[in-house]
Amino acid sequence: MVETLFEDIFRVDAVDPDGKKFDRVSRIAARSEQFDMLMHLDINTEIYPMRVGEKFMMVLASTLNLDGTPDSGYYTPGNRKSLADKFDYVMQGKLYRISEETREKQVKADIYVSFGGLLMMLKGDPSIAARFELDQKLFILIRKV
Amino acid sequence: MRNPKLEPLRKNEILKKVVKRCNALVGSKKAAKCSRCGYINGMVKKGPLKIQHDRAKIVDTYLDECQSALSHTKDFRGNVNFSSTLDPKSVYRLLRNMLDEDCELLYLNDRPEKLLVTNILVPPNAIRPSVFVDGGTQSNENDTTERLKRIIQLNAHLRGDMLDPNLYSKSLTSWDDLQVEVAQYINSDVRGVPLHMTAARPLSGFVQRLKGKQGRFRGNLSGKRVEYTGRTVISPDPNLKIAEVAIPILMARILTYPERVSYHNIEKLRQCVRNGPNKYPGAKFIRHPDGTEISLMFSSRKRHADELKYGYIVDRHLENGDIVLFNRQPSLHRMSIMCHRARIMPWRTLRFNESVCNPYNADFDGDEMNMHVPQTEEARTEALMLMGVQNNLCTPKNGEILVASTQDFLTSSFLITRKDTFYDRSAFSLMCSYMGDAMDPIDLPTPALIKPVELWTGKQLFSVLLRPYAKMKVYVNLTVAEKSYCKSKETMCPKDGFVYIRNSELISGQLGKATLGNGNKDGLYSILLRDYKAHAASACMNRLAKLSARWIGNHGFSIGINDVQPGGALNKEKKVLIDKEYGQCTNYIESYKSGSLELLPGCDRAETLEAKISGTLNNIRERTANVCMINLNWRNSPLIMSQCGSKGSPINICQMIACVGQQIVGGRRAPNGFIDRTLPHFDRGAKDPDAKGFVQNSFYTGLSATEFFFHTMGGREGLVDTAVKTADTGYMSRRLMKALEDLAVYYDNTVRNASGCIVQFTYGGDGMDPAQMEEKSGLPLNFERLFMKAKATCPSIEQRSLTVEEIKKIVDEIIEEKLTRCNTTPERRYSKAFASSSDTPSNEESSNAFGESLKKFIKKKYPSSSLMAKLNEGEHSGEDRDALEKVTSNVCGISKQQLMVFLETCISRYHSKKIEAGTAIGAIGAQSIGEPGTQMTLKTFHFAGVASMNVTLGVPRIKEIINAAKRINTPIITAVLECNNNDIIAKIVKGRIESTLLEQVAKSIKTSQASRSASIVITLDMKRIQGAQLSVDAYTVKESILQTPKMKLKEQQVKVLNPRKLVVVLQADRSKLHFELHGLKSKLCKVVVKGINSVERVIIVNRANDPSQNKELELVVEGTGLLSVMGIEGVDGCKTTSNHVMEVQQTLGIEAARMTIIAEIQFTMSKHGMNIDIRHMMLLADLMTFKGEVLGITRHGVQKMKDSVLMLASFEKTADHLFNASVNGRVDKIEGVSECIIMGIPMQIGTGMLKIRQSVQPVELPYGSDPIIC
C-alpha cells in the first residue's frame, strides 16, 4: 500500500471567507477531525462543488503509484491503476513554503502548496510538517464522506 | 598676460580690469594725457555705427579754436556741441600707432588696425551660388552677391563724389552709407542702420549664415544630412522579435549595403547582381577594388554577375538580418535610437514588436520613424554591441526595465493567469504552440487537476512560457505585489494579487503591470535580465508577445456602451454621497459667511474655505471611484484594463461611469470669468460646487452646458501646458547636454571633462553603473531577492543548516578573500611595487561599504525561530527532536551551499556592476535629467501638510535649480527647532523670525499737533503681543525705530513713556509740519519691530506621522535670509536648510550648495513620481560646483566651464564668440565632443577613448618553401 504523507477527514467551515472573487474557484476553510489542522484550499467548484458543513477525506501523497515508486515528474496518462481511483478530486502541485507561527506560546507550522495556482495552506502541529520537504511534488486527493 | 598657461577666462578678467581702469582715468576730472604726444583725451563712446569722442569737459585750446573758427560762419549760435565722431581713417591711424606692449595688455592677438576692414573679401561663387530660373534665362542672385553689388555701387559713387570738390559734404554721407553697407555685409542685424537704408526684406549677412538652428554651426556642422535612410509610418507586429524591425520591400530596394564578395557569399551576390536594382533581392552597384563603379541599372547584369570576383564590393539590397538603426523623434534619450535587425516584409510600413514602443515613446496613431543603414562592418558591429535593443533593455536613468510588455500583452496575461481559468488538453496544447515558432521543444506539465477531468490552469501555461522545456536552465525566483494585492497574507491573498514565481513556476498571483510591465526593478523581465542576461529576457518577451497576441485574438477583448452603464446601486450611492457632501459644502460656505469658519494654519478665510471645499469635492470623486470599482463585474473591460495596468485608472473609469469631478484651472477651482462669478448662470459670489466647476455628471450621462464649459476650461489648460512645456524642456535638455556632453569616466575611475579637468574623483561616489543597479533606491544589489533565489535554487537536501557562529565565520572569510583581495589586485599591487602613495582609497572604500552592507544583511537572516528556541529549552526524545530540527531547517535554515552561492553571486555581481571606463556618463546624465522633464506638468503643488503654502515644482523648479537662479519663486527655509515638542516655544521662535510690523502690534498710532511741534504717540497692544509670544515692549520698539534706515530720527526724538507707550517728537517748519507728520506716521507703521525683513511668513508644521505621538515641530519659513534664521535663538542652525541654492552657497559654502542641488532635484523629481538615480544628480551638481562657485547651466555658466570656442559657438551667441576668439587669438584643441563633431573626427569618449599604439615587428618574409611540419 502507498505510504501517504498525510491523511485526515475535514469539515468545511466556510466557503470564500473573504468574499467570492472568482466564478469557478472558491476558497474553502476546513478543519480536520483527527489532528485539528486548519486548511485553506482553493477548489474548482464548477466541477467539484463544496458546501459548508460537508465532510471530506483528504490525502496528501507524493506519488500516485500504488506500489509507492516515486513520481517520475513526467505525466503519463493512461488507464493504469493508481491511488486516484479511490478519490473524486485529485490535484497535483508543489510545496513552496513552510513557515511557522507563534500564538500564545503555541508554535504552529504552516505548509503552503500551489496546485497550479490553486493554493492550499495547512496549519497544524510542527511534527506533521516534518514529513514534508520544500519543492516537493504533492498530490491532493479528496473524497467526500 | 604673457603666461601661456593662463586660462583665457583669467585673461579676459584682466582685460576687463584694464579697461575699467582706463575708463575711470578718462571719466575722472583729471584729463588723460597721452604719455607720448601729450594730447588730452576725452570720453570715447560707442554710438550706433559710430564712435563718439566727447571732449566737452576738457579745457584746452581746442575749444577756443573751434569757437573762433565757427564764429565766422553764418549760423553761429554761440554754443556748439563739440563732440566729434571719430571716422574710420583717424581710428585706423590711432590704432596703428598703438604700442605692441599695449596690445598685449588688451588681450589682442595681432595688430589692432587689422580689426578695421580695409579690403573686402569676396567669396567665390560656390559660397554664393546663383539660382537659375526659367531654364537659365533669369537668375536669382545670392544675398551676398546682392550686398557686394551694392557695396561696389556705393564705392563707385563715393569715388565720384570725392573727385568732385563741390560735393565734399555729400561724399561724407555716402562714406557713411558705405560703412553701413559693409557692416551689413558681415551682420545684417547690426544696430543703428539709418531708416532709409533698411530694406523690406533684409539680406542675410555672414553672421546670419552662421548662427541659429538652421545656421552653419547647428545646421550643417553639428548635424549633417545623411544617406541610406528611410522614414515611413510605423505599425505593430507582435510576431516579430523585439530586436527586429520589418522593412517594406519598397524601402529595401532603395537602401543598400556594400558587401564584399567572398567565398561564402559569392553565389548570393551573383544572384543579387543578376536581379539588378529593381527586383528584390538585388543590387545597385558593383565596385571594383581599383575604385571603378558600375551601375547595374543599365549595363548587362548577367555578365557582371559572372565576372564577380572575390574582393569586389556589391551594393546589394537590404536583406533579412541586416543591421539598421531605428529612431523616433524627439530623441530624448539614448534608447530613442536603437539598433534592430532588418526583416524584409511586404506592404508599406515599418513594423516592430509593441514591447519596444516604450523606449521610443511611440504609438501607432500615425507616428513615423526613421531608419539608417550603417555602411561598414565596423559600424555594424559597434551599433549592434552598443545600441542593440538587447543591450538597451533597461534605462541608465535608474536601471528600470524599459523594453517590456505593454497594453494587450498585459491584458491577456492578466486574463490567462486568472485563478479560475482552466484549459483542457487540446486548449492547453494549442496555447503552448502559440508561444513559439514551432522550433522549440515544449514539455507538457502534469495537469493541476487530474480528477475528475484533466485540467491545466492558466498559471501552468505561464510556467511553460517561462521555462518551456526541462533542459532550459532558467530558474526565475521572484515575489511582486501587484496592484490588487490586499496588503496581507502574501500568497494567500484572496484577490490573488501576490505574484510568487519559484524556480520558474508560477505559484500564485495574477500577473499585471508590476510583474510584466516597464518601470519596475523587481519585475519578471528585470530579473531575467539580471540573472540570465538579455537573451533570456528578450526570448521570454517574444514568447509572451506571440502568445498574448494570438490568444487575445481568439478570446476577443472589446469595450462597449454596456461597459460604462452604471448600475442602479451605483446611481443610488452616488446620489446619496453627492447630496451629503454638497450639504457639507453649503455648511462651510455658511460658516464662512457668518465668519465662524475655523482657520487652517497659515490661511485666511477664503483660502480655508477653498481648501475645505476642494477636500470635500475630491472626496466625492474618490469615493464614487471606489464604489464604481467594487460594483463592476470582473468581466468589465475598462475594469480589467485598469486592474492589470495596461491602460486607464480607476479615476478614468469613474469619470466615464459615475462622475467627472472637479475641474481645476491653474491649481484652483474654475476662476471667475465674469464679475464675481464664473458664468452668468450663477449668482454673484456663488461658491457652491456647481458654480465653481464641479461636474456631477459622467461622460455616459452627458454634461450640462455649464459643466461642459468648465470641462473645456480644464482641457484647454492641459493643452496649453503641453505646448509650453515641450519648448521649455527642449531648451533645457539642449543646455544640459551642451554642458555635460564631454564628461566621461576615465581609467582611473575619475570623471573628467574633455580637457582633463577632474569633476568627480569616483563616479557617483562608488563607481557603479546606474543602468545596472538592482535595488530600488539605487544600491547595486537587492540582497533579499538574491538570498531568496539562492535558497530556492539550491535545495538543502541532505545538508544540515548552519549555526549562527558558522555563518559568521564563513561570511567573514569569503568577504575577506573575495572582496578585499579582488579589490586590491591591479592598482594596489602596482602602487606597492612602486612604493608610491597613490592608492585608490575611494574604490576600496566603496567595496568595504558594500562588504559591510552584505554582512549586515546576513545578520538579519540568521536563523531565528521560535521552534529553535523551543528545541533548545525543552526536553525532547530523539525522534521528535530530529523532526523539529527538520522543520526549522525548512523554515529558516541556511545550508553551507546556499550561503556560499549567495555570497559568491553577490560579490561577483558587485564587481561586474562597476562602470566601464570611457562611458559618456555626462551625456547619459543630461538625458536622464532632461527626459523626465518632458513628462512633468508645469503645475505647482501644495506643500505637504500646509495648505496655501506652495512650492514651485515641475519644469520651472528644475529650471531654477539648473540655471542657478539668484531669485527663485518660492524660497523656503526649513528650520529645525532645538526643542521640537513644545507649541509655545515654537510660537516664540516663530515670532522671532517672522517680521512683525509696528502697526501689527500697536493698539493705536495717534498724531498730536501743537503749534510748533508735533508728536506721534504709539500705544502697544500688549495682549496681542503676549498672545503671539513676542518679546516686544516700548524699549525694543524704540531701538528698532532708530535702527530703521531712512527714518532720520535722533535718539532724543523718541521717548519711552512707559513699557507700553512711546512718543516720537517731530520738529520742523510749521509749513511742512503737517505733511512730514503724516509721512512719518506711515513710515512708522511699517517699522519692523521684530524678526527678519526678508521673511514673508513662518508656519509651524508638525512632522510626526501620528498625531497621538510626540510632536515633531518644525518651522517652515517662507523667504530668504538663511543666515539670520540660523542665528535666531531656539533654532538648531546645524539642521536648518534652505531650498535656495545660491543662498546656501553664500551662507554655508560650495559643498552645501552641491548637496542642496542634489536634494532639490531629487525632491522635485520625486514629487512628480519620477525616480532618477542619484548619481546623475550628483554629477550635475558636481559640474555646477567644481569651479568653486555655483555655475548655472546657462550660456554664462557654460562659458566658464568650457574652453573651446567651437563648442561655445555651436551653443549660443555664435558670432560673438567667433569675433572675440579672433581678436584674442584663441586656439581650439578639438578635444570635446562638439568640436570633434564639427571637425568630423572621432571623439575621445567611449570606444574612441583608446588609441592603439602598437610597435609592429618588421615582417619577416620567409624565403624558400614553407616548412611542412612546424
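Every chain is numbered from 1, with letters handed out A, B, ... down the list of sequences.
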Test log, rule side chain to side chain contact (heavy atoms under 4.5 Å, CB included), inputs A/Asp18 and B/Lys495: CA-CA 9 Å; A/Asp18 302 297; B/Lys495 286 183 192 160; over 6 Å; no
Any donor-acceptor pair under 3.5 Å from B/Arg502 side chain to A/Lys94 backbone: no
Side chain A/Ser114, main chain B/Ser508, donor-acceptor under 3.5 Å: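 Judged by distance alone, no pair lies under 3.5 Å.
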Verdict with reasoning, B/Leu449 to A/Asn44, per side chain to side chain contact (heavy atoms under 4.5 Å, CB included): CA-CA 9 Å; B/Leu449 240 76; A/Asn44 186 338; 4.1 Å; yes
Nearest non-hydrogen partners of B/Ala448 and A/Phe115, listed with the distance: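 B/Ala448 and A/Phe115 have their closest heavy atoms at CB-O, 3.6 Å.
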Closest contact, heavy atoms only, A/Leu119 versus B/Ile507: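 Heavy-atom minimum between the residues: CD2-O, 3.6 Å.
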Which atoms of A/Tyr112 approach chain B - backbone, side chain, both or neither, heavy atom under 4.5 Å: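 Answer is side chain: those atoms of A/Tyr112 sit under 4.5 Å from chain B.
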Proximity breakdown for A/Tyr48 and chain B, heavy-atom pairs closer than 4.5 Å: neither
Taking side chain as C-beta onward, heavy atoms only, is [X] less than 4.5 Å from [Y]?
{"X": "A/Glu46", "Y": "B/Asp420", "answer": "no"}
{"X": "B/Phe422", "Y": "A/Val25", "answer": "yes"}
{"X": "A/Arg27", "Y": "B/Met492", "answer": "yes"}

Which of A/Arg97, A/Met91, A/His40 touches chain B most, by non-hydrogen pairs under 4.5 Å: A/Met91
Most contacts with chain B, counted as non-hydrogen pairs under 4.5 angstrom, among A/Thr45, A/Leu118, A/Asp110, A/Asp16: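 Between A/Thr45, A/Leu118, A/Asp110, A/Asp16, the count favours A/Leu118.
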B/Lys471 NZ: over 12 foreign heavy atoms closer than 6.0 Å: no
Drop me the distance from [X]'s [atom1] to [Y]'s [atom2], to the nearest 0.5 angstrom.
{"X": "B/Cys486", "Y": "A/Lys21", "atom1": "SG", "atom2": "NZ", "answer": "7.0 Å"}
{"X": "A/Asp23", "Y": "B/Arg418", "atom1": "CG", "atom2": "CZ", "answer": "6.5 Å"}
{"X": "A/Gln92", "Y": "B/Trp456", "atom1": "CD", "atom2": "CH2", "answer": "10.5 Å"}

B/Ile450 vs A/Phe139, side chain to side chain contact (heavy atoms under 4.5 Å, CB included): CA-CA, chis, key distance, verdict: CA-CA 9 Å; B/Ile450 298 171; A/Phe139 292 90; 3.4 Å; yes
Criterion side chain to side chain contact (heavy atoms under 4.5 Å, CB included) on A/Lys137 and B/Thr446, from CA distance to verdict: CA-CA 11 Å; A/Lys137 227 177 154 187; B/Thr446 316; 3.3 Å; yes
B/Leu455, part contacting chain A, at a heavy-atom distance under 4.5 Å: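 Looking at B/Leu455, just its side chain touches chain A.
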Per-residue contact mode, B/Tyr500 against chain A (heavy atom under 4.5 angstrom):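 Just its side chain gets close to chain A.
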